[in-house]
Number of protein chains: 2
Amino acid sequence: MKRASRMVLIEKIVSENIVTSQEDLLRMMEGKGVQCTQATLSRDLRQMGISRGFDGSGGYRYLLPGKREETAELFPGREMEAITGMTWAHGLLLINTPPGFASAVAIKIDRSGRYEIAGTVAGDDTILLIPRDNISNEAVEECLTTIFLSNTKTQL
Amino acid sequence: MKRASRMVLIEKIVSENIVTSQEDLLRMMEGKGVQCTQATLSRDLRQMGISRGFDGSGGYRYLLPGKREETAELFPGREMEAITGMTWAHGLLLINTPPGFASAVAIKIDRSGRYEIAGTVAGDDTILLIPRDNISNEAVEECLTTIFLSNTKTQL
DNA sequence: ATCCAGAGTGCAAATTTATACATTTTTTAA
DNA sequence: TTAAAAAATGTATAAATTTGCACTCTGGAT
């Protein structure tokens, strides 16, 4: 199991469960058939920016890095309609939107916290999406599908 | 010293300093003439929602709630703190910052006039840094260190 | 093919944080 | 004021996280 895919799983587990400790996470990972040590998780979590916070009821839990308030004026679940085109070039994905919609869509992508996506830069009607190294185009497109489709089918 | 006023001091210290551990905080509190134990700080911090996060340069620090990704004010000489993460992909360097800080940091990079850096593109919270051809990642990172650490000896 | 450099990992030790329990301090109610 | 109840804190310890070190693996360069 490679680091990148392990991280993808970590992100998924942390986003969908209340993870109270690294040992806790370790067990969940094993439940998914992925093995490593707690020390490795400590390092992964730091690299991913996932830190221990509070669950609001006195307990501790791990949280994905910074959520930010939604500035998009997109119809929930219909963000896909704001994407008018996509082109791959030099390993980068150029996403076209109607004028003014680029940052709204980019924010949604950024907030997904998907590990496969290193980051985005948004202009007015174009988004440059930079995948992490060694992530396939298909994986990135699957990410986008996951992000923008409400009925996400679970995989991995 | 009462709990409430101790908490006021904790908030002040955490917001104005890079606190890396509870022991660290304890010493700063003592420096302000307030004494308690690490156990008490642990309890105070939980109640205040102050959790341990990352400083963007591989280190740990305590962060006020809601300021999870925004702790870094763009104080002159402390721009490094506004860099919350960096990733290399496709020979390009993606720099993450708190929302809204990207262009401020990018301007600083542009003005440095470093040959190794061909240019930058800044979004809201992401900067795409394009190195010149045949410049190593390490060289670029050294550039950034030079740019941001040149006048940082006072703090951090 | 071989060597080298760097990334990644496990293990165990060190460090840091959380908590059980006892004690002290503060608050409440008379 | 005073007794009882509740809250806060310290101590000691447990639990959790981080890190130094050694080893492995991988990708390049010779």
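Being a predicted model, the structure only gives us computed values, none of them experimental. In what follows, every chain begins at residue 1, and chains take the letters A, B, ... in the order their sequences are listed.
Rounded to whole angstrom, the span from the CG atom of A:Leu45 across to the P atom of C:dT16 amounts to 19 Å. Rounded to a whole Å, the CE atom of B:Met48 is 16 Å from the C1' atom of D:dA8. Between the CZ atom of A:Arg52 and the C1' atom of C:dT16 there is a distance of 11 Å, rounded to whole Å. C:dT15 atom C1' lies 12 Å from atom CD of B:Gln22, rounded to whole Å. One interatomic measurement links the two molecules: CD of B:Glu23 to P of C:dT17, which rounds to 8 Å at whole-angstrom precision.
By the side chain to side chain donor-acceptor pair (under 3.5 Å) test, B:Thr37 pairs with B:Thr40, sequence neighbours left out. With sequence neighbours excluded, the residues satisfying side chain to side chain contact (heavy atoms under 4.5 Å, CB included) with B:Lys12 are B:Glu16. Partners of B:Gln47 under the side chain to side chain donor-acceptor pair (under 3.5 Å) rule, at least two apart in sequence or in another chain, are B:Arg3.
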Tabulate atom names and distances for all N/O pairs under 3.5 angstrom spanning the protein and nucleotides 6-8 of chain C.
| from | atom 1 | to | atom 2 | distance (Å) |
| --- | --- | --- | --- | --- |
| C:dG8 | OP1 | A:Arg3 | NE | 3.3 |

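Under the 4.5 Å side-chain criterion, counting only non-hydrogen atoms from C-beta, B:Arg61 is in contact with B:Leu63.
The distance from the OG atom of A:Ser51 to the OH atom of B:Tyr60 is 10.0 Å, given to the nearest 0.5 Å. Atom CD1 of residue A:Ile109 and atom CD1 of residue A:Ile127 lie 4.5 Å apart, to the nearest 0.5 angstrom. The CG atom of B:Asp44 sits 4.0 Å away from atom CE of B:Met7, with the distance rounded to the nearest 0.5 Å. Separating the CD atom in A:Gln22 from the CZ atom in A:Arg43 is a distance of 10.5 Å, to the nearest 0.5 Å.
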Quick one: side chains of residues 23-30 of chain A, donor-acceptor pairs under 3.5 Å with protein atoms, not counting sequence neighbours, listed by atom name and distance.
| from | atom 1 | to | atom 2 | distance (Å) |
| --- | --- | --- | --- | --- |
| A:Asp24 | OD2 | A:Thr20 | N | 2.9 |
| A:Asp24 | OD2 | A:Thr20 | OG1 | 3.1 |

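Listed candidates were C:dT9, C:dT19, C:dT16. Nearest to the side chain of A:Tyr60 is C:dT19.
For the pair A:Tyr62 and A:Val14, the tightest heavy-atom approach, listed with the atom from each and the gap, is O-CG1, 3.7 Å.
Comparing the local axis fitted to the first five base pairs of the helix from C:dA1-D:dT30 to C:dA30-D:dT1 with the one fitted to its last five gives a bend of 40°, rounded to 10°.
Between C:dT17 and B:Tyr62, a contact under 4.0 Å exists linking OP1 or OP2 to a side-chain N or O.
Less than 4.0 Å separates DNA chain D from at least one heavy atom of each of the following residues of residues 36-43 of chain B: B:Cys36, B:Thr37, B:Ala39, B:Thr40, B:Arg43.
Not a single donor-acceptor pair under 3.5 Å links the side chain of B:Ser42 to the backbone N or O of B:Gln38.
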